[in-house]
2 protein chains.
Amino acid sequence: MKVSDNLEVAKDANLQLNYYQKEDQVLLAVDCIIFGFDKKDLKILLIKRNFEPEKGKWSLIGGFLKKNENLDQAAVRVLKTLTGLGDIYMEQLYTYSKVDRDPGQRTISVCYYALIDVNAHNFDGIQIDSASWIELKNAPELIFDHDEMVQKAIARLRRKAMTNPIGFELLPEKFTMRQLQNLYESILDKKLDKRNFINKINSLDVLVKLDEKDMTVSRKGAYLYIFDKEKYEKKVEEDGFNFKI
Amino acid sequence: MKVSDNLEVAKDANLQLNYYQKEDQVLLAVDCIIFGFDKKDLKILLIKRNFEPEKGKWSLIGGFLKKNENLDQAAVRVLKTLTGLGDIYMEQLYTYSKVDRDPGQRTISVCYYALIDVNAHNFDGIQIDSASWIELKNAPELIFDHDEMVQKAIARLRRKAMTNPIGFELLPEKFTMRQLQNLYESILDKKLDKRNFINKINSLDVLVKLDEKDMTVSRKGAYLYIFDKEKYEKKVEEDGFNFKI
DNA sequence: ATTTATAGTGTTTAATAAACACTTATAAAA
DNA sequence: TTTTATAAGTGTTTATTAAACACTATAAAT
């Protein structure tokens, strides 16, 4: 069949779906990789399945796209349902479509990732009691192609971290330089030089140093900072933000 | 409904799809942005629709995912059907899902982009006579959200061009330095300094200079080069290829 | 007063990027 | 055969950015 024929039938608003097209309809799942930063460690939110198939195995959270919503909305809904939280940074990652990726039925999964500050929110709204924050380094094997999804999400997060100050989303409102550096070290999975890091961050000119100190981390205490969101967004517009760590 | 309920029903291999899930099934389209490089210009392959809706308007090529194939295969099939060509570099870009993006029916579109050397292949195999190579700069308005797709594809291509020697795919086997520079200038949409460009390319050490000259471009003629694919792939493995223009 | 733990702070060197202009080879024209 | 026209080819200097490197400061606890 020529592509044009296919399009011709399918996209004519006046035609009902014919048999072949109904045949080709599929369920679209949305799976979410939820990254959380907790003081020193980068974690992901996983659930232990209490249902078949793959009962007892670990998996990402997910749901199905509904007729009346787009994928972004579906991802937000899934996250809201699980964590009770809205207003979270989310971004579409990739769409997975191996024919037998879900042995139960043909499902295509559009994968999203989210960034969240584990400590800034309480998770009373959490709906699935089998959900846990797991350190990335110790993450168990996941069902289906979820491991592949996580790997791709980490790669994306890393790239993102090299060009955008993503700390906004993963850190509490007030944070120390050490926390910010810990975040980047977690994401990039390597040690950074403290002085070079601070010099680089300061040269960006998007942080505001407060008079306040976090006295829990050391005798001396560490100054707290906040992001200057306005400056940041202005910079993004102007020069696309060239932020290389 | 809780996410877990949804998953529980949906992913049980022993259950048929229930009514609600059948309701939520959608058609998955694949749309392709096919970039071609033709001597000096970056082009995309578009078709003029000879069917409703939006008859007479320009559009990307596309088709629908079938039950027995994955998305990569669908994209390859669509490209093959249109151009008669296989073995083309393709990459998934993004999935578009606005509820009313296609006024005819609910369709989610997974977008791919391909890179191709316009001159190295003849398009006798082309199946749609309304398909044309259009210079990116002069591209007409496209149907649905296809303009958005093209914009995203250009952004991706640009990022890719900054970190990978994509010339492999877009140039003929033998090419001149000027052609390579033209390619990068087209993609990045800016003039580059000839000497700096050549210095940078040579420092990568992935080209082989031939004894042969292309005499059609000037009185003096210009030396032809080929990519050293082995060296290139070794470099990719070793240091991830840090190629910044 | 001493100890202790982490915060805070600059400079030097190396690497990379950017700016910059003249000569050369050849075919075509005179 | 000489001249002319055209794009190819070729290095150096300067500016910017990245990387390497070690000591002092502060405040709480003892």
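In what follows, chains are A, B, ... by sequence order, proteins preceding strands, each numbered from 1.
With ring centers used as reference points, B:Tyr94 lies under 6.0 Å from B:Tyr96.
Other residues, nucleotides and ligands contribute more than 12 heavy atoms inside 6.0 Å of the NZ atom of B:Lys213.
The nucleotide whose nearest atom lies closest to any side-chain atom of A:Arg219 is, among D:dG11, C:dT6, D:dA28, D:dA28. The listed nucleotides are C:dG8, D:dA8, D:dA27; the one nearest the side chain of A:Ala222 is C:dG8. Proximity note for B:Met215 (side chain, C-beta onward) versus D:dT10, C:dA27, D:dT12: the nearest is C:dA27. Of all nucleotides listed (D:dA18, C:dT24, D:dT10), C:dT24 comes nearest to the side chain of B:Lys220.
Within the cation-pi definition used here (under 6.0 Å to the ring centroid, within 45° of the axis), B:Lys209 does not qualify as a partner of B:Tyr225.
Remark: P of D:dA8 and CD of B:Gln181 are 9 Å apart, rounded to the nearest angstrom. What separates CD1 of A:Ile198 from C1' of D:dA19 is a distance of 16 Å, to the nearest Å. Spacing between atom CZ of A:Arg178 and atom P of C:dA5 amounts to 16 Å, rounded to whole angstrom units. Atom P of nucleotide C:dT26 and atom OH of B:Tyr223 are separated by 7 Å, given to the nearest angstrom. The distance from atom CG of B:Asn199 to atom C1' of C:dA15 is 15 Å, rounded to the nearest whole Å. In this structure, A:Leu224 atom CG and C:dT6 atom P are separated by 17 Å, rounded to whole Å. B:Asn202 places its CG atom 11 Å from the C1' atom of D:dT10, with the value rounded to the nearest Å. Look at CG on A:Asp214: it is 13 Å from P on C:dT6, rounded to the nearest Å.
Looking only at atom types and distance, the side chain of A:Ser109 has a donor-acceptor partner in the side chain of A:Asp31 under 3.5 Å away.
Along DNA chain C, the nucleotide nearest A:Arg195 and the nucleotide nearest A:Val217 are compared for position; the residue whose nucleotide lies closer to the 5' end is A:Val217.
Using cut-offs of 30° and 60° on the angle between ring planes, the pair A:Phe175 and A:Phe227 is tilted.
Taking only side-chain nitrogens and oxygens, A:Lys194 never comes nearer than 4.0 Å to OP1 or OP2 of C:dG8.
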